[in-house]
Asks: 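A single structure is presented below for examination.
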Number of protein chains: 2
Amino acid sequence: MADSAPVSTYPGQYCPLAKAAEMLGDRWTLLIVRDLLTGAHRFSEIARGLPGISPTLLAQRLRTLERHGIVERRRTGDARPEYWLTVVGQDLTPAVLGLGSWAARHFGHEPSPDEMSSSVLILWIERFLRAELLPSGREVARFDFTAPRRESRWLLIDRGEATACDEDPGRAPSLLVTTDLRTLHNVFAGRVSMRAALRDGSLRLDGEPEMVRAFPRWFGVSPFAEDTRVALRRGA
Amino acid sequence: MADSAPVSTYPGQYCPLAKAAEMLGDRWTLLIVRDLLTGAHRFSEIARGLPGISPTLLAQRLRTLERHGIVERRRTGDARPEYWLTVVGQDLTPAVLGLGSWAARHFGHEPSPDEMSSSVLILWIERFLRAELLPSGREVARFDFTAPRRESRWLLIDRGEATACDEDPGRAPSLLVTTDLRTLHNVFAGRVSMRAALRDGSLRLDGEPEMVRAFPRWFGVSPFAEDTRVALRRGA
DNA sequence: CAGTATCCTCGAGGATACTG
DNA sequence: CAGTATCCTCGAGGATACTG
């Protein structure tokens, strides 16, 4: 008696685009794919890059992606579970880049304060830096934000690997980056060059000379930075 | 006193992909863009291709797209309003094709009956047919579906233009296409060739010889048909 | 850390009728 | 045709606390 017909999101149309929208259109889903594409694999890592998502919801989204064959949950021994894109999921790369590029080209305005967080930004810096140019020893870089809130974030460097950190790791930093959130975000997004930010003093580097010299080299920009730059040139 | 801060969908992250997801992620939005890309411009035309959407919701989505500068509402004189993609909206083409292509390559299974509707299919046939190969006179093609429901749809042809129609237009058809919904959908989607469907009898053509001969030529397939074909070849 | 369980709210959107 | 107005439902997902 009960009509248990599974109501599809878009009834009456089997179209590949509708299928894609159905699988990726839920809130957060596309950003989860983005984070998996850029190197986040553990539950807490993904959650950290998505301020505002609840554990329940993230778990549910991951399960749905797994059911669709886009994500694979790996559990090796009693190690922590990891989430990896399947071949199908990896094949989303061009489409995801296309969407982001489109937005960067046309909606690359400066973010408002509530659209940025130092915690997420430091995570992105970790994800996109050029690891092969990182100092080889153990180092700590501290980022002191002067605005919109005075707060600090850290990047722990150890044998060519970097880890973003929201809490003081205790060790004395060998590099100090003093700036405001807007500036560092603009540099990351490709809206302002590191060189220009250093020149006008909106970004300042202090600490061991070797670290100061290396930072602009290993600091990486967003994958959409070039799109943003092109859009700015055209707009100006 | 009231905290009227506009809560953004993805707080704390200004990322082009998040921006794109925010603007296009709502249910129906991507399909509205798809329909505008493929030639629907009037309110009722768009609504017809989206079974299940309410007028209220479609109006709201169009307004939001307009606010974002993706869609432009045109009102010429006292003619009916039309909706057109702006340059920004048109620039979504590669990303939209990329998403659909991805889905076609990996999720090109045969649709279940509730994922198809003869009314939407006939609309798509109208949108993707090769108008330059259409008969030049006034003709009526009737599509008789034998399954899953016995029903008919019409395609009115007039001076190189075709109009899909759910009701009997009254004029006698000069072409009769007899098939089931699954078969015609498979042909449209690229899963089965018109030739094969004609050969095994799952699709039959009757009527004026000239019309019968021309139909397979002006019948167009989905933009994702090639992706589906490639996926099938690989899977088989 | 990697989630699950529970409760509860609120707003998206469905249904329907109506209007220029 | 191209929407708007109104009402109402229901389920997505937020908040919180808890568990292996």
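Given the structure is predicted, the values throughout are model-derived calculations rather than measurements. The sequence lines fix the lettering, A, B, ..., with proteins before strands; numbering per chain opens at 1.
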Asks: Hey, which of these two, A:Thr56 or A:Pro81, hits DNA chain C nearer its 5' end, going by closest nucleotide?
Replies: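 Per heavy-atom nearest nucleotide, the more 5' residue is A:Pro81.
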Asks: Do any side-chain nitrogens or oxygens of A:Ser44 fall under 4.0 Å of OP1 or OP2 in C:dA2?
Replies: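 For C:dA2, OP1 or OP2 has a side-chain N or O of A:Ser44 closer than 4.0 Å.
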Asks: According to the interplanar angle, ranging from 0 to 90°, do the rings of A:Trp124 and A:Phe188 count as parallel (below 30°), tilted (30 to 60°) or perpendicular (above 60°)?
Replies: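 Answer is parallel, since the angle falls under 30°.
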Asks: Mind calculating the distance between CD (B:Glu22) and P (C:dA12) to the nearest angstrom?
Replies: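 Distance check: B:Glu22 CD to C:dA12 P gives 13 Å.
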Asks: Less than 4.0 angstrom between a side-chain N/O of A:Arg27 and OP1 or OP2 of D:dG14, yes or no?
Replies: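 Checking A:Arg27 against D:dG14: at least one side-chain N or O falls below 4.0 Å of OP1 or OP2.
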Asks: Nearest whole Å is fine: how far is C:dG3 P from A:Arg63 CZ?
Replies: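 Roughly 9 Å, once rounded to whole Å.
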Asks: For B:Leu57 and C:dG13, give me the distance from atom CG to atom C1', rounded to whole Å.
Replies: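 Taking atom C1' of C:dG13 as the reference, CG of B:Leu57 is at 6 Å.
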Asks: Report which part of the nucleic acid B:Pro55 touches: base, sugar-phosphate, or nothing (heavy-atom distance under 4.0 Å, all strands).
Replies: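 Base contact.
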Asks: In whole angstrom, what separates B:Arg73's CZ from D:dT4's C1'?
Replies: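 Those two atoms, CZ and C1', are 12 Å apart.
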Asks: So which nucleotide does D:dG11 pair with, by the Watson-Crick or G-U wobble rule with both distances under 3.5 Å?
Replies: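 Per the H-bond distance test, C:dC10.
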Asks: Between C:dC1 atom C1' and A:Arg80 atom CZ, what is the distance in whole Å?
Replies: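 Result: 6 Å.
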Asks: Which nucleotide, in any strand shown, forms a Watson-Crick or G-U wobble pair with D:dC18, with both distances under 3.5 Å?
Replies: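 Base partner found: C:dG3.
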Asks: Roughly how many Å is it from CZ in A:Arg61 to C1' in D:dA12, rounded to a whole number?
Replies: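 Spelled out: CZ on A:Arg61 to C1' on D:dA12 is 8 Å.
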Asks: Establish, for the pair A:Arg182 and A:Phe145, whether the NZ or CZ atom is under 6.0 angstrom from the six-membered ring centre and no further than 45 degrees off its axis.
Replies: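 Ring-cation test returns no.
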Asks: Under a plain distance cut-off of 3.5 Å, with no hydrogens placed, do B:Glu151 and B:Ser118 share a side-chain donor-acceptor pair?
Replies: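 Looking only at side-chain atoms, B:Glu151 and B:Ser118 do form a donor-acceptor pair, the distance falling under 3.5 Å.
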Asks: Rounded to whole angstrom units, what separation is found between the CD atom of B:Glu82 and the P atom of D:dG3?
Replies: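 To the nearest whole Å, that distance equals 11 Å.
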Asks: Using whole Å, report how far CZ of B:Arg42 lies from P of D:dC1.
Replies: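 The answer, rounded to whole Å, is 8 Å.
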Asks: Compare every heavy atom of B:Pro51 with every heavy atom of B:Arg48, then report the nearest pair and how far apart it is.
Replies: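 Closest pair (atom of B:Arg48, atom of B:Pro51, distance): O-CD, 4.1 Å.
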Asks: What's the shortest heavy-atom distance between B:Leu134 and B:Trp218, and which atoms?
Replies: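 So the two residues come closest at CD1-CD2, 3.4 Å.
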Asks: Reading DNA chain D from 5' onward, which residue's closest nucleotide shows up sooner: A:Gln60 or B:Ala59?
Replies: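 Upstream on the strand: B:Ala59.
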